[in-house]
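Numbering starts at 1 and runs along the sequence shown.
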Amino acid sequence: AYFEDRVEAAVDEGVLNGKRVDGRAMDEIRPLYAQAGGVAAMIHGTGVFYRGETHVLSALTLGGPEDTQTIDGMEGESKKRYMHHYNFPPFSTGETGRMGGANRRMIGHGALAEKALVPVIPPALTFPYTIRIVSEVLSSNGSSSMASVCGSTLALMDAGVPIKAPVAGIAMGVVFNGERYAILTDIQGPEDHYGDMDFKVAGTEAGVTAVQMDVKVGGVPANMLTEALAHARTARLQILQTITAAIAAPRAELPQNAPRVLSIKIDKEDIGLVIGDGGKTVNQIRELTGAEISIEEDGTVFVTGKNGGAEEAIRLIGILTRKYKAGETFEGTVTRIMD
């Protein structure tokens with residue numbers, strides 16, 4: 001305990017005198033690297049992001065509307081179409097340990113990264129896909145959650161998801177002793193461990209989408225918070241430049257191996273016609289085309305399929321629900337003559 005106290009005092013005093021553990025300037029970000037795609041052809045979207053010794057690989061999978069996660073909460077049931085999961089294996093910090101289910105920290109960091117990206121995810125009406133991203137921390141030395149935000153932005157754009165704007169994140173720190181204080185940009189392990197604040201800020205060029213703070217003191221004065229937010233914006237813009245240099249905008253086409261989601265709007269009274277007695281009709285269309293079919297209460301039908309299955313299912317539903325108009329001409333076989 002005494003040794004830890006002396007190391008903390010040395011780190012804090014060094015920072016207050018303008019000297020960081022690794023010799024960087026107070027507002028300097030560690031070396032950055034970004035890569036969109038090029039990891040594995042079978043994955044719909046990937047992003048690799050490095051900030052110093054913190055390395056993250058984000059892998060994205062696209063699914064249809066029927067793949068949404070059902071949230072059975074205390075206030076009722078809801079659907080979730082964007083999920084972000086975060087894994088932090090022991091080897092990422094050079095340790096051995098048990099590999100298995102998510103712990104509280106992983107769940108929290110995944111939720112933070114998810115919250116940072118939710119504001120830029122396109123609505124279901126324009127992009128009716130379910131999106132799942134898993135961020136794998138390959139190496140960690142400070143703020144892997146914000147690196148996950150950056151890696152996931154790259155994965156989203158690599159998969160052709162039309163996000164509103166790229167999102168980047170950075171961790172800010174502060175050390176203060178009485179009237180003396182210092183704001184740190186891009187804190188690493190020792191500065192997080194021995195410092196007084198870990199303030200994560202994520203956002204686009206236009207504004208902030210998520211914040212999260214850990215403090216070891218009674219509070220942080222407003223002027224320090226204002227300064228930290230200003231420095232975080234400068235750092236965020238620098239990281240966004242690295243991201244957009246790797247991929248300037250979402251890819252125009254979805255990956256070849258991703259499912260195709262198409263939609264058609266039918267009248268509410270035709271919903272029963274498409275479903276059929278006990279689901280007989282809709283199941284027959286599923287068997288013929290290999291497509292998944294999801295029917296909303298307002299008559300919107302989402303069809304998910306591969307190899308032309310979605311297009312064929314839409315065609316069959318269109319034939320079933322077509323409204324014939326006077327004057328239209330069709331070719332057909334006469335089977336019997338009625339009065």
For atom [atom1] of [X], decide whether the heavy atoms of other residues, nucleotides or ligands shown that lie under 6.0 angstrom number more than 12.
{"X": "N257", "atom1": "CG", "result": "yes"}
{"X": "E77", "atom1": "CD", "result": "yes"}
{"X": "E297", "atom1": "CD", "result": "no"}

To the nearest 0.5 Å, what is the distance between [atom1] on [X] and [atom2] on [Y]?
{"X": "I295", "Y": "I266", "atom1": "CD1", "atom2": "CD1", "result": "5.5 Å"}
{"X": "D192", "Y": "S143", "atom1": "CG", "atom2": "OG", "result": "8.5 Å"}
{"X": "S58", "Y": "H85", "atom1": "OG", "atom2": "NE2", "result": "12.5 Å"}
{"X": "M172", "Y": "D198", "atom1": "CE", "atom2": "CG", "result": "11.0 Å"}
{"X": "D67", "Y": "R81", "atom1": "CG", "atom2": "CZ", "result": "12.0 Å"}
{"X": "R251", "Y": "M157", "atom1": "CZ", "atom2": "CE", "result": "9.0 Å"}

Check the hydrophobic clustering (I, L, V, M, F, W, Y; side-chain heavy atoms under 4.5 Å; chains of links allowed) and say if [X] and [Y] are grouped together.
{"X": "L254", "Y": "V161", "answer": "yes"}
{"X": "F88", "Y": "M99", "answer": "no"}
{"X": "V282", "Y": "L262", "answer": "yes"}
{"X": "V15", "Y": "M197", "answer": "no"}
{"X": "Y82", "Y": "V149", "answer": "yes"}

Measure across [X] and [Y] and return the closest heavy-atom pair with its distance rounded to 0.1 Å.
{"X": "H84", "Y": "S152", "result": "NE2-OG, 2.8 Å"}
{"X": "V303", "Y": "A291", "result": "CG1-CB, 3.7 Å"}
{"X": "I247", "Y": "D158", "result": "CD1-N, 3.8 Å"}
{"X": "P65", "Y": "V261", "result": "CD-CG1, 3.9 Å"}
{"X": "M146", "Y": "V201", "result": "SD-O, 3.8 Å"}
{"X": "I243", "Y": "V167", "result": "CD1-O, 3.9 Å"}

Verdict with reasoning, E114 to K80, per salt bridge (charged side-chain N to carboxylate O under 4.0 Å, His left out): CA-CA 11 Å; E114 183 179 293; K80 190 175 179 182; 3.0 Å; yes
Between [X] and [Y], is there a donor-acceptor pair closer than 3.5 Å when you use the side chain of the first and the backbone of the second?
{"X": "H44", "Y": "L62", "answer": "yes"}
{"X": "R20", "Y": "A25", "answer": "yes"}
{"X": "D267", "Y": "D270", "answer": "no"}
{"X": "R286", "Y": "G290", "answer": "no"}
{"X": "T46", "Y": "A155", "answer": "no"}
{"X": "E227", "Y": "M224", "answer": "no"}
{"X": "S92", "Y": "S139", "answer": "no"}

Test ring pair (Phe, Tyr, Trp, His ring centres under 6.0 Å) applied to Y324 - qualifying residues, sequence neighbours left out: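 Counting only residues at least two positions away or on another chain, Y324 forms a ring pair (Phe, Tyr, Trp, His ring centres under 6.0 Å) with F330.
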Is [Y] close to [X] at the side-chain level, that is, under 4.5 Å between some pair of heavy atoms?
{"X": "F302", "Y": "I264", "result": "no"}
{"X": "K79", "Y": "T70", "result": "yes"}
{"X": "P162", "Y": "F127", "result": "yes"}
{"X": "E296", "Y": "D298", "result": "yes"}
{"X": "L156", "Y": "I131", "result": "yes"}
{"X": "I285", "Y": "I293", "result": "yes"}
{"X": "N17", "Y": "R180", "result": "yes"}
{"X": "M213", "Y": "K200", "result": "no"}

Name of the residue among K323, E328, R322 meeting side chain to side chain contact (heavy atoms under 4.5 Å, CB included) with K325: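 Among K323, E328, R322, the one meeting side chain to side chain contact (heavy atoms under 4.5 Å, CB included) with K325 is E328.
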Q238: which of D186, I170, I29, D27 passes side chain to side chain contact (heavy atoms under 4.5 Å, CB included):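 Exactly one option meets the side chain to side chain contact (heavy atoms under 4.5 Å, CB included) with Q238, and it is I29.
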Criterion salt bridge (charged side-chain N to carboxylate O under 4.0 Å, His left out) on D214 and K216, from CA distance to verdict: CA-CA 7 Å; D214 297 328; K216 299 171 186 173; over 6 Å; no
Side chain to side chain contact (heavy atoms under 4.5 Å, CB included) assessment of V211 paired with F199: CA-CA 7 Å; V211 295; F199 183 34; 4.1 Å; yes
Between S140 and T54, a side-chain donor and acceptor under 3.5 Å: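 Distance-only check fails for S140 and T54.
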Pair Y86, R105: side-chain N/O donor-acceptor within cut-off below 3.5 Å: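 Y86 vs R105: donor-acceptor pair found between side chains.
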Pair L229-T226, side chain to side chain contact (heavy atoms under 4.5 Å, CB included): steps then yes or no: CA-CA 5 Å; L229 281 167; T226 304; 6.0 Å; no
Criterion side chain to side chain contact (heavy atoms under 4.5 Å, CB included) on V215 and D196, from CA distance to verdict: CA-CA 6 Å; V215 287; D196 296 315; over 6 Å; no
Verdict with reasoning, Y194 to E4, per side chain to side chain contact (heavy atoms under 4.5 Å, CB included): CA-CA 9 Å; Y194 297 115; E4 283 291 304; 3.3 Å; yes
Ring centres under 6.0 angstrom apart (F176, Y181):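 When the ring centroids of F176 and Y181 are compared, they turn out to be at least 6.0 Å apart.
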